[in-house]
Amino acid sequence: MANLRKGDKAPDFKLLDQNSQEVSLGDFYGSKLLIYFYPKADTPGCTKQSCQVSESKAELGRAGIKAVGISPDTPEKQSKFDEKYSLGFPLLCDTDHKVAEAYGVWGEKTSFGQTKMGIIRSSFLIDETGVITDVWYKVSPEDTVPNVLG
């Protein structure tokens with residue numbers, strides 16, 4: 001798993017969102033973009049992280065930053081998650097984890113004594129031209145927005 005760094009070109013993607021609409025990195029050119037990867041919709045840490053992003057939309061917007069969350073969930077699961085918490089921003093579906101692999105966030109995780117492959121919670125700030133300006137691997141859910149606005 002190769003880690004991305006500041007100054008790297010962000011890997012492009014085309015993924016379905018919670019409404020089964022295709023979303024690509026290029027859709028956000030001209031704006032800064034927070035991309036955060038989370039393991040599974042509607043779990044405690046992922047809910048905390050996603051709600052924090054949602055609650056900070058105005059502050060992020062004042063800083064010229066849009067946000068997307070990416071997980072291996074299906075559009076149906078992402079839609080239920082969005083509706084349950086009124087998140088109101090794109091939740092992208094990386095069901096084959098190809099985008100997670102490109103960003104270096106798919107790897108071995110140990111949970112309850114078992115090792116398996118999954119999303120390593122991480123976030124990236126991308127500039128208006130698609131270049132990574134900040135990277136936070138193994139970020140805690142509550143640090144996602146403060147890192148970006150810090």
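Within the 4.5 Å cutoff, the side chain of Y36 has no heavy atoms near those of the V139 side chain. Side-chain contact check for V148 versus W136: some heavy-atom pair is nearer than 4.5 Å. Inter-residue side-chain proximity for I120 and F37 is flagged as unmet; no heavy-atom pair is nearer than 4.5 Å. Residues F124 and V105 are in side-chain contact: their nearest non-hydrogen atoms beyond the backbone lie under 4.5 Å apart. When side chains are defined from C-beta on, V53 counts as touching L60, because their heavy atoms get closer than 4.5 Å. Proximity of D94 to F13: side-chain heavy atoms (C-beta onward) are nowhere separated by under 4.5 Å. The shortest distance between side-chain heavy atoms of V23 and L15 does not fall below 4.5 Å. Counting heavy atoms from C-beta on, the side chains of Y85 and S54 never come closer than 4.5 Å.
Distance alone, capped at 3.5 Å, is enough to place a donor-acceptor pair between the K57 side chain and the L87 backbone. S79 places no side-chain N or O within donor-acceptor distance of the main-chain N or O of P75, the cut-off being under 3.5 Å. When atom types are taken as modelled, the side chain of D8 and the backbone of R5 share a donor-acceptor pair closer than 3.5 angstrom. A side-chain donor-acceptor contact under 3.5 Å links Q78 to the backbone of L92.
In summary, K84 and D42 engage in a salt bridge, as defined by a charged side-chain N under 4.0 Å from a carboxylate O.
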Is there a side chain to side chain contact (heavy atoms under 4.5 Å, CB included) between Y103 and I119 once you walk through the steps? CA-CA 10 Å; Y103 278 78; I119 294 284; over 6 Å; no
Start with the C-alpha gap between N3 and Y137, add the side-chain angles, then the distance that decides, and say whether side chain to side chain contact (heavy atoms under 4.5 Å, CB included) holds. CA-CA 8 Å; N3 284 352; Y137 284 102; 3.6 Å; yes
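Considering every non-hydrogen atom in both P90 and F28, the closest pair reads CG-CZ, 4.5 Å. Scanning all heavy atoms of the two residues, the minimum distance from I126 to I35 falls at CG1-CD1, 4.0 Å. For the residue pair P39 and P72, the shortest heavy atom distance occurs at O-CD, 3.4 Å.
The aromatic rings of W106 and H97 sit parallel, their planes meeting at an angle under 30°, below the 60° perpendicular limit.
Within 6.0 Å of NZ on K109 lie more than 12 heavy atoms contributed by other residues, nucleotides or ligands.
Taken from CD in Q52 to CD in E142, the straight-line distance is 7.5 Å, to the nearest 0.5 Å. E59 CD to L149 CG: the interatomic distance, rounded to the nearest 0.5 Å, is 4.5 Å. Atom CG in L25 sits 6.5 Å away from atom CG in L33 (nearest 0.5 Å). For the atom pair CZ (R62) and OG (S56), the distance works out to 9.5 Å, reported to the nearest 0.5 Å.
Judged as a side chain to side chain donor-acceptor pair (under 3.5 Å), the pairs with a partner in residues 121-134 (not counting sequence neighbours) are, in order, K6-D134, Q49-R121, D127-T129. Residue pairs meeting the side chain to side chain donor-acceptor pair (under 3.5 Å) criterion with at least one partner in residues 14-25, sequence neighbours excluded, are Q18-D82, S24-D27.
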